[in-house]
There are 2 protein chains.
Amino acid sequence: MNFQQLRIVRETVRRDFNLTDVAAALYTSQPGVSKHIKDLEDELGLELFVRRGKRLLGLTPGGKELIDVIERILLDAQNLKRIADQFGSRDTGHLRIATTHTQARYALPEVIKSFKAEFPRVHLALHQGSPREIATMLSNGEADLAIATEALDKLPDVVTFPCYSWHHAVIVPEGHPLDTGKPLSLEALAEYPIITYQEGFTGRTQIDQAFAEATLTPDIVLSAIDADVIKTYVELGLGIGIIASMAFHPSRDQGLRLLDAQHLFALNVTKIAVRRGHYLRDFSYRFIERLSPRLTEAHVRESLSL
Amino acid sequence: MNFQQLRIVRETVRRDFNLTDVAAALYTSQPGVSKHIKDLEDELGLELFVRRGKRLLGLTPGGKELIDVIERILLDAQNLKRIADQFGSRDTGHLRIATTHTQARYALPEVIKSFKAEFPRVHLALHQGSPREIATMLSNGEADLAIATEALDKLPDVVTFPCYSWHHAVIVPEGHPLDTGKPLSLEALAEYPIITYQEGFTGRTQIDQAFAEATLTPDIVLSAIDADVIKTYVELGLGIGIIASMAFHPSRDQGLRLLDAQHLFALNVTKIAVRRGHYLRDFSYRFIERLSPRLTEAHVRESLSL
DNA sequence: TATCCTTACGGAATTCGTAAGCATG
DNA sequence: CATGCTTACGAATTCCGTAAGGATA
């Protein structure tokens, strides 16, 4: 038994049992992959994969039991390296954060700026993706931390912590009929074409829910992944926008007006997620603390160990 | 990084940092051991061991952090094999039980007989040792289960379950002045030379404690590891014996009399211990259930996962 | 017929053991 | 000077990639 065999088995599950893909992903030859799987199965005396002819289709019952342990071994092997790095040089290393456009563009810059100032030698890699992609990266160990409002809950072996909450707000072009200073209503919004986030992004669920509960069907003419796109089209007069309030900067977004909508849509909570069993460097905890001072290292560690 | 390197590091800690011993224990050459350690340290970029000159003295702070993870990886690697065996052939395999003389000789025979009848193809290895040795074997993964009355609590990563309780009793030669049928007292016992278990064996602690609380100093003329030795010397008239009551068989131990002493010494609880994270085969749970029907698989699994 | 897996085989790399050398108590 | 670790080097083993062959959608 060796680590390469275990890596191959893990990757085979991830790559949907296509050994050619597995070989490519691990930068090795496909026959080598085949042989490693066969050798491991021989050593364990058990078929890990269900086969039809020569194709692999899935895991056997035994394989399903084993894959969890294999994952843990490989996770721990990674942890060895991270722990060693930790002791070798406390303040140098890599911190890989997976997050969404909204967080990367509006919430994180301040945090990252101050983090960079204190840990100039930590290589910080910010990876942008959809909430789904972010979740996958965290699960696969391709990211150390994930920050998003959606999709991070309910993942196995992932622990999430609420960081901060925010509300949606409405943006309209200057001089728009809604810009009266009076409180908005959902009914009023529903009379205009709306531009907002795509499903699965930045609290879109909350928006849909608010309209549904008021038995209104909003006229969503355009859905985008990020607020910058939304603002562009609101400026063009395509409709009114619903965005995260922190995405609006009065000075930068001249020509647009931000209208309060806290009373219309449910509160959104941005969360940070960590994979259980994934060793975090010291500076990772410092980063989390900057994001939300309530999330001390002691608190995070305790939640992870439960 | 490979498994042999990790095994070597683990064994180095266990063998008190003597690489010559490590090589012998792992059936390999000593220079090979040296090199593996060096290679691993190079790969991790961290010294694992404190050295004076060429000698290894102990673990560095980083080494201490790493050793836990290394242990877990190797434990999981073992688990892979056990799980595979489990699926390959449910009712064949090995069950290694570490236990004391008292349990092996008086408590387990019945259980083992019935277990053997149901699982004839399971190779059952009974390893006898002192409570201390038993605990070590369990911790090192050399035994799947440990059964003893002493020393199993308070071990890290070991979970114990009470199996059954028993009392000490007094044995005397036939016609001995104490054999009056009247209840015994500690004071009466203290007037005779006493033969009983060594410290650390079979509830000796309880015996010492009972006398101490009564501010009596018993005259212990001989201490043995097992009841058979004790009985032999009681028969020879060297003194009265204090043994576990289940170690007395009226038919086999003719010439001796068993006197009740439940009211004199505290209750003893025999426990079964399992190492946390050590995968147990199905038949292991069947064995535990036979030992104490209260200890169902569900109950044991739940306690292990806490 | 294109995709995907297995077997076969030769070269590269790793691992292992022996022999020799050096440090320490 | 006996114990214990390191370095050096050749042998054995393992690992890996290419080439060829067979099965399946």
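Chain A is the first sequence line, chain B the second, and so forth, proteins listed ahead of strands; every chain is numbered from 1. If you're wondering where the values come from, they're calculated on a predicted model, not measured in any experiment. Just so it is clear, the values below take in all heavy atoms, side chains as well, and ignore hydrogens, waters and symmetry mates.
Here D/dG22 is the nucleotide among D/dG22, D/dC5, C/dT18 with the atom lying nearest to any side-chain atom of A/Lys54. Among D/dT7, D/dG17, C/dC4, the nucleotide with an atom closest to any side-chain atom of A/Arg55 is C/dC4. Listed nucleotides D/dA19, D/dT6, C/dT3 differ in distance to B/Arg51; the shortest reach to its side chain belongs to D/dT6.
For D/dA25, one of the phosphate oxygens OP1 or OP2 lies less than 4.0 angstrom from a side-chain nitrogen or oxygen of A/Arg52. Under 4.0 angstrom from either OP1 or OP2 of C/dC16 there lies at least one side-chain N or O belonging to B/His36. The side chain of B/Asn2 places an N or O atom within less than 4.0 Å of a non-bridging phosphate oxygen (OP1 or OP2) of C/dT15. Residue B/Thr28 places at least one side-chain N or O under 4.0 Å from the OP1 or OP2 atom of C/dG17. For A/Asn18 and C/dC4, the shortest distance from a side-chain N or O to OP1 or OP2 is below 4.0 Å.
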Query raised in the report: When you look at B/Leu6 and A/Leu80, which way does the side-chain contact (heavy atoms from CB on, under 4.5 Å) test go after all the steps?
Result: CA-CA 11 Å; B/Leu6 302 184; A/Leu80 285 182; 4.1 Å; yes
Requested in this report: Show the numbers, then the answer: is there a side-chain hydrogen bond (donor to acceptor under 3.5 Å, both in side chains) between B/Gln4 and B/Asn2?
Outcome: CA-CA 6 Å; B/Gln4 179 71 342; B/Asn2 60 47; over 6 Å; no
Query raised in the report: Can you list the steps and then say if A/Gln86 with A/Asp282 is a side-chain hydrogen bond (donor to acceptor under 3.5 Å, both in side chains)?
Result: CA-CA 7 Å; A/Gln86 170 81 345; A/Asp282 263 2; 3.0 Å; yes
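The distance from atom CZ of A/Arg7 to atom C1' of D/dC15 is 13 Å, rounded to the nearest whole Å. In this structure, B/Leu26 places its CG atom 15 Å from P of C/dT15, rounding to the nearest Å. Taking atom CD1 on B/Ile37 and atom P on D/dG4, their separation rounds to 15 Å, with Å as the unit. The separation between B/Leu56 atom CG and C/dA23 atom C1' is 14 Å, rounded to whole Å. Rounded to an integer number of Å, the gap from CG of A/Asp16 to P of C/dT3 is 17 Å. Atom P of nucleotide D/dT24 and atom CG of A/Leu19 are separated by 15 Å, given to the nearest angstrom. B/Gln30 places its CD atom 14 Å from the C1' atom of D/dA8, with the value rounded to the nearest Å. Atom CD of A/Gln5 is separated from atom P of D/dT14 by 12 Å (rounded to the nearest Å).
No contact: A/Gly32 has no heavy atom under 4.0 Å from any strand. Across all strands shown, B/Lys35 has no heavy atoms under 4.0 Å from either base or sugar-phosphate atoms. Within 4.0 Å of A/Phe49, counting heavy atoms only, lies no atom of the nucleic acid at all. In this structure, A/Thr20 reaches the sugar-phosphate backbone alone: every heavy-atom distance under 4.0 Å involves primed, P, OP1 or OP2 atoms, never a base.
Of the possible donor and acceptor atoms, none in the side chain of B/Asp226 sits under 3.5 Å from a partner among the backbone N and O of B/His101.
Mapping B/Asp21 and A/Asp39 onto DNA chain D by nearest heavy atom places B/Asp21 closer to the 5' end of the strand.
Using cut-offs of 30° and 60° on the angle between ring planes, the pair B/Phe17 and B/Phe49 is perpendicular.
Annotation: side chain of B/Ile288 is in contact with side chain of B/Leu145 (closest heavy-atom distance under 4.5 Å).
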